[in-house]
Amino acid sequence: MLNALQNAFAALDLDRRNLVVVSGIGCSSDLPHFLNVYGIHTLHGRALPVAQGIKMANKELTVVVTGGDGDGYGIGAGHFLHAMRRNLDLTYIVMDNRIYGLTTGQASPTSYKGHKTKSTPAGNPECALNPLALAVAGGATFVGRGFSGEPIHLAETMKRAIAHKGFSLVDVLSPCVTWNKSFSYDYYRPLIVKLDQDRHDPSDRDAALRQALREDKLPIGVLYEIDEPTFAEEEPSLQGGPLVRSRIGLTDEEWAALMDEFS
Amino acid sequence: MDARREAVIWIGGEAGEGIASAGDIFMKTAARCGLGAFAHNSYQSVIRGGEVVLQIRVGAHPVLSQGGKWDFLLALNQNVLNHYLPAARPSAAALFNADSVKPPETSAAASLHGIPVGELTRDLSNSPVMQNTILLAALMRLLGIPWDIFVGSIRNQFGKRKPQLADLNVAVARRGWDHAEKKLSLPGPIALEGDGKRRMVITGNQAIGLGAVAGGCKFYSAYPMTPASSIMHWLAPRAARYGMLMKQAEDELAAINMAVGAGYAGVRAMVGTSGGGFALMTEAIGLAGMIEAPVVAVLSQRAGPSTGLATKTEQGDLFQALGASQGEYPKAVLAALDPVDAYYAVIEAHNLAEKYQMPVIVMSDLYLSERNVVVDPENFNARVPIERGETVREAAEGEYLRYRDTVSGVSPRALPGTPGGMHIAASDEHNEMGVLISDWYTNPTMRTRMVEKRMRKMNGVRRDTAEGAFLCEGPEDADLTIVGWGSTYHVLEEARRALTDSGHSAQLIQFRTLWPFPAAGALPILQAAKRCVCVENNQSGQLARLVRQETGFSIPFAVRKYDGEPFSAGPLVQALEICLRPKAPAVQTLISAELDLPVTYE
């Protein structure tokens, strides 16, 4: 995972000082510590709002958010949906291990129904959330999936996600070898299928949804990619330079106009 | 009868009957005549329906509180007239639409003037806003307001985009005006002549928005919550003009976390909310404390707990602000006194937040946020000090320590984009580089050092906030020393003066910096006080508890009000007089419904 992300950054030739990696809480969220870029380790479930604040403050930065399924699809699910609606130019990489790993193995939003964990000894009574289908339906303009057992393919998907203009989700099937024996590398390998971009059209929303909802196989690669105006392109306050360079203080004319409003 | 130099006017009706616009026109007219005026909206929490009473006090001098019972009542419906007649002062007059409101059969202290709205406007196209305009115009005529200034305010209210509506309202107003001139006599002479100086009208929340704009705030995020929402409403159409982004977030969690992200990235960032929203924000307030990101949170209190009284005021969240978030971290809590002070408090908050890289909470409440007051424009100074704090422009690769242990506790920041400044801003405890020390190995020495580094900032904050931490009015050897905080400042000051006028010398200490608490400055004054009373808009005496906690000084008397309404000077003076008696009860509770009869218990 880390390796793939480093390779994606390197391939895109990004200047490290303009790169910010934001994480929430969980095993996944230590990731920024292993990179020599600007990193911010936030709160459980809150990486996306922090990342959006950073991007809105300085639209020239490349902002990548990393987190886990518990962090992003559990406590952070609300922010996930709204971040997609906003279509800010962010890349959200979720290391999805279908378990709460840091807290020693409880069911997560992507744990399958019936999965026995510490917190669901009789089997998980809830069905698993489908992040890809949710993202296609929810307004993400780029939806991809990777597998940590396929790092070269994953790096390629990440590269495309970061290069994409708008909100990108990359859900990465990332087995937790310590706490989730059910979803191991061996479990995934026969299920993984690489999307053939000649036969799958990522701009076709219905086709993307069909791939996201497949039960026979787990397709990896770019499921969905469309070109839509980003938040920064549409928001009137972001039409000039980045806010971080916006002038502080008011001109005499601006002040006089404001005072006039009140009299 | 002596000419009154001020009048209290209540405009009452159902929400949606045009009370706000009548109030706005009245306030603007007063400001343009050079009068002083103060408006407090007392309303029910429903979108439409429910009784709303706008309490306006106007005078030929600065007016800084809403006053007590009314001299004039504009009753927009029968319920309002019936309900509020008992609150009339001597020589009061009630104006109402004679077509829809009948004078009560019981005798009333006020003179009752039914205005035949239908008859007066028969030839004009009808509109539901007619009656408030007519009643307002009749009142303006009774008060002796110049017609031209009144008309100017009506036109200003509708703006340039609605000239036809403005014309119609002016025509309607004329009917009310002429009717008053011919048919109505003044209940008593009023000398409401302004000094002719054109003043401005501003609410607390507008002043907060103005402070954000002037103070260089570039990012404001919020989730709608009364009484903070109107900060958002004021900023939304103006933000882009001043290089600022106003973002309505999906919830308060997002709002504050976005602001923390924006603050980390290098812009001045602020959120605004009320107690319930602030409760959701507190985890991220602690995040800002830990990663040392500047952020300002405006906490406009309303009566709680839970969703409480959504449209009523209270000073009930002091301890929530002081205790916000888990663990210990440096922060400042300021409580604005009035709209002018709110303007400066917001700017001061941004300066403290950036200079000390920490969260700063600015406390307001419904009473302050929504009060509409006439002020002198010179009170607002555009040239305000901006202190951005220490930042690193460039660092040699690998040498920059984000959390360098310094004497001041402040470690110069490298904003994303700074060459060589790459680091991790970690919410877990970390070392000077930002590397976690919590999970992989424990490091008690480093933990202690980092806690101390952060908390050392409070020395600087204490120094910076000491000077304006509280106001002192009146003589030190006064019979009674009144202690209060934040938004109650003017009503307490008014009560202090009234007490002094009635022969009891009184002093007022009003706190505006609550944290760090200015114990060293305040304690000698409290100790020297002859008799001390703490006046708060809450039940449990939060300021009194804070004073005791921080100084060891126990304020023996308290006047408290927690019925959702603000203090008004009359009943407050009565309660304070009781505190001066030899065997005074320790706690006085004031209730608005009792008008000026305080309920007391020990």
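Just so you know, these numbers use all the heavy atoms, side chains as well, and skip hydrogens, waters and symmetry mates.
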Participant: Look only at the side chain of A/Arg17 and the backbone of B/Pro419, and say whether a donor-acceptor pair between them is shorter than 3.5 Å.
Facilitator: no
Participant: Between the main-chain N or O of B/Thr418 and the side-chain N or O of A/Tyr38, is there a donor-acceptor pair closer than 3.5 Å?
Facilitator: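 Yes: the side chain of A/Tyr38 pairs with the backbone of B/Thr418.
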Participant: Would B/Lys247 and A/Glu235 count as a salt bridge (Lys or Arg N to Asp or Glu O under 4.0 Å) if you check the C-alpha gap in whole Å, the side-chain angles of each, and the deciding distance to 0.1 Å?
Facilitator: CA-CA 10 Å; B/Lys247 186 80 209 89; A/Glu235 165 59 46; 5.9 Å; no
Participant: Can you tell me which portion of B/Ala414 sits under 4.5 Å from chain A's heavy atoms? Options are side chain, backbone, both or neither.
Facilitator: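 Both parts, backbone and side chain.
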Participant: Pick whichever of B/Ile386, B/Val375, B/Ile291, B/Leu210 has the most heavy-atom pairs under 4.5 Å with chain A.
Facilitator: B/Leu210
Participant: Please look at B/Ala259 and chain A and tell me whether the side chain, the backbone, both or neither of the residue comes under 4.5 angstrom of a heavy atom of that chain.
Facilitator: neither
Participant: Is it the side chain or the backbone of B/Ala31 that comes within 4.5 Å of chain A heavy atoms, both, or neither?
Facilitator: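 Neither part; nothing is under 4.5 Å.
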Participant: Heavy-atom cut-off 4.5 Å, strictly under: side chain, backbone, both or neither for B/Lys218 against chain A?
Facilitator: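 When you check distances to chain A, atoms from both the backbone and side chain of B/Lys218 fall under 4.5 Å.
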Participant: Select, from B/Asn156, B/Ile256, B/Val213, B/Val260, the one with the greatest count of heavy-atom pairs under 4.5 Å involving chain A.
Facilitator: B/Val213
Participant: Without swapping roles, check the side chain of A/Arg16 against the backbone of B/Met422 for a donor-acceptor pair under 3.5 Å.
Facilitator: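 Not a single qualifying donor-acceptor pair exists.
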Participant: Could you check whether any side-chain N or O of A/Ser246 sits under 3.5 Å from a backbone N or O of B/Gly243, counting only pairs where one atom can act as donor and the other as acceptor?
Facilitator: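 The answer is yes, because a donor-acceptor pair under 3.5 Å joins these two groups.
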Participant: Keeping the roles fixed (side chain from B/Ser427, backbone from A/His41), state whether a donor-acceptor pair exists under 3.5 Å.
Facilitator: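 Answer holds: yes.
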Participant: What I want to check is whether the side chains of B/Asn257 and A/Gln52 have a donor and an acceptor closer together than 3.5 Å.
Facilitator: no
Participant: Which of parallel (below 30°), tilted (30 to 60°) and perpendicular (above 60°) describes A/Phe262 and B/Trp234?
Facilitator: parallel
Participant: Which bit of B/Arg241 comes within less than 4.5 Å of chain A, counting heavy atoms only: side chain, backbone, both or neither?
Facilitator: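 Both parts, backbone and side chain.
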